[in-house]
Amino acid sequence: MAVKNSWLIFILTVGVFGIINTEMGVMGILPLLAKKFSVSITQAGLLISLFALAVALAGPVMPLVFAGFDRKKVMLLVLGVFVTSNIVALVTDDFSVLLLTRLIPAVLHPVYCSLAFSVAVASVSRAEAPKAVAKVIVGVSAGMVLGVPVSSFLASNFSLSVALALFAVVNGAVFLATLFFIPSLPVEHRPACGEQLSVLKKPVMWLAILAVIFMNGAVFGVFGYFSTYLQEVAGFSWNWISTVLLVYGLANIIGNFVGGRLLTCAPLKTVLFFPCVLALAYVAIFLAGAYAAPLVALTLVWGVLGGVNANINQYWIASAAPEAPDFANGLFLTAANLGTMFGTLLCGWFITLLGIKMVLVGGLVFLVFCVVAVSGRLYVEGAGLKGAVEE
């Protein structure tokens with residue numbers, strides 16, 4: 001059974017990688033797409049922003065729609081739509097059609113990711129669930145880290161068509177692996193729609209959502225402007241910037257495994273102390289200033305913390321609604337995307353008013369609110385801060 005579970009989780013991880021790669025990989029070829037379709041770079045940016053918006057809006061809804069169906073069939077449906085959309089994107093010369101090939105799969109994006117987390121959890125014991133989720137989240141990190149440079153490399157060294165074909169090939173391979181190697185996964189008990197929506201009546205759930213918004217905002221609000229920070233504050237060249245960002249991304253993958261182990265051993269301690277540790281990292285980065293060696297070393301630490309953050313995000317919302325796992329995972333995706341959006345807006349505001357170095361202050365503000373939301377949930381649950389620390 002362990003071997004079967006490992007194979008199942010591996011397929012889910014690669015599947016999530018293919019989904020995220022389709023979303024993020026476009027960033028690496030955006031100028032080439034703008035040129036091919038004779039649109040401005042701003043218009044081409046809709047391929048990214050509309051995809052993210054569709055994911056955020058569909059996150060709480062679509063997992064509910066498919067909650068009662070065999071999970072294998074639903075995953076095949078989603079992967080089939082992604083493959084078809086990727087192929088249409090590869091052959092079309094119409095920008096409007098290209099936008100549709102992004103919007104349609106984006107609506108189903110939360111369905112696959114939500115199911116991947118739920119199936120991973122269901123395939124192992126409750127104690128091992130965080131580790132299983134951590135392995136699936138590696139697919140998320142890998143998609144974000146490798147999607148942009150790989151698509152850019154293929155486009156620049158071969159052609160734009162080869163880069164676009166990569167998305168179809170990865171999703172197609174996962175479709176076949178799912179078809180032939182994953183058994184039927186019928187839903188044994190489908191919570192009624194009202195039962196799942198009732199989790200929104202729980203103050204604990206809203207506090208969990210707020211904590212994830214603030215936590216993710218703290219990470220991606222700063223990371224979204226980090227290349228500019230490296231250029232203007234540290235004076236790095238673009239080659240150095242690319243290297244540092246790759247270091248951050250690879251450290252993210254390490255952080256996924258670290259986060260899974262920490263949440264398995266001491267979940268409440270991990271969640272409670274995470275924003276404090278990240279705050280210390282931001283203060284250290286601020287003090288490092290233009291000194292290259294400590295800045296790169298701190299970026300490695302920050303990257304690991306960023307990977308831990310992804311695991312905490314999923315765990316914190318899923319644990320608030322164990323009776324509705326698919327719906328909770330959809331809420332996780334929505335909260336994470338909202339956090340990225342609000343974090344980018346607030347940190348951008350700090351940059352406009354105070355300069356690029358103050359982007360770290362924006363991240364610290366989010367972390368303060370994160371501590372409040374986490375502490376509020378622990379208080380409502382009756383655990384209290386003292387109980388969490390003494391766990």
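All residue numbers in this chain count up from 1 along the given sequence. Keep in mind the model is a prediction, meaning the values are calculated, not measured.
Residues Pro105 and Thr22 fail the side-chain proximity criterion, which asks for heavy atoms closer than 4.5 Å. Counting heavy atoms from C-beta outward, Tyr229 and Lys357 have side chains that approach closer than 4.5 Å. In this structure, Leu331 and Met205 have side chains that are in contact, with non-hydrogen atoms separated by less than 4.5 Å. Counting only heavy atoms from C-beta outward, the side chains of Val271 and Tyr315 approach each other to under 4.5 Å.
We find the CG-CG distance between Leu305 and Asn252 to be 9.5 Å, quoted to the nearest 0.5 Å. Taking NZ of Lys72 as the start and CG of Leu179 as the end, the distance is 5.5 Å to the nearest 0.5 Å. Taken to the nearest 0.5 Å, the CZ atom of Phe95 stands 9.5 Å off from the OG1 atom of Thr101. Interatomic distance, CD1 of Ile213 versus SG of Cys370, reported as 11.0 Å (0.5 Å rounding). Here the CG-CE distance, from Leu12 to Met75, works out to 5.5 Å after rounding to the nearest 0.5 Å. A distance of 6.5 Å separates CZ of Phe37 from CG of Asp93, quoted to the nearest 0.5 Å.
Every residue two or more places apart in sequence or in another chain was checked for a salt bridge (charged side-chain N to carboxylate O under 4.0 Å, His left out) with Lys36, and none qualifies. With sequence neighbours excluded, no residue forms a ring-ring contact (aromatic ring centres under 6.0 Å, His included) with Phe350.
Open room surrounds CZ on Phe369; 12 or fewer heavy atoms of other groups in view lie less than 6.0 Å from it.
Of all heavy-atom pairs spanning Val170 and Gly18, the tightest one is CG1-CA, 3.6 Å. Here the shortest heavy-atom pairing between Ala58 and Val107 reads CB-O, 3.4 Å. In this structure, Tyr112 and Gly15 approach most closely via the heavy-atom pair OH-CA, 3.4 Å.
Between Phe226 and Tyr248, a ring centre-to-centre spacing not shorter than 6.0 Å is recorded. For an aromatic pair to be called close, the ring centres must be under 6.0 Å apart, and Trp316 with Phe332 fails this.
Phe167 and Leu90 fall within the same hydrophobic cluster, defined by Ile, Leu, Val, Met, Phe, Trp and Tyr side-chain heavy atoms under 4.5 Å apart, directly or through other members. Clustering ILVMFWY residues whenever any of their side-chain heavy atoms sit less than 4.5 angstrom apart, transitively, puts Val296 in the very cluster that holds Leu278.
Taking the ring axis of Phe10 as reference, the NZ or CZ atom of Lys135 does not stay both within 45° of it and closer than 6.0 Å to the ring centre.
With hydrogens and angles disregarded, no donor-acceptor distance shorter than 3.5 Å links the side chain of Thr178 to the backbone of Leu76.
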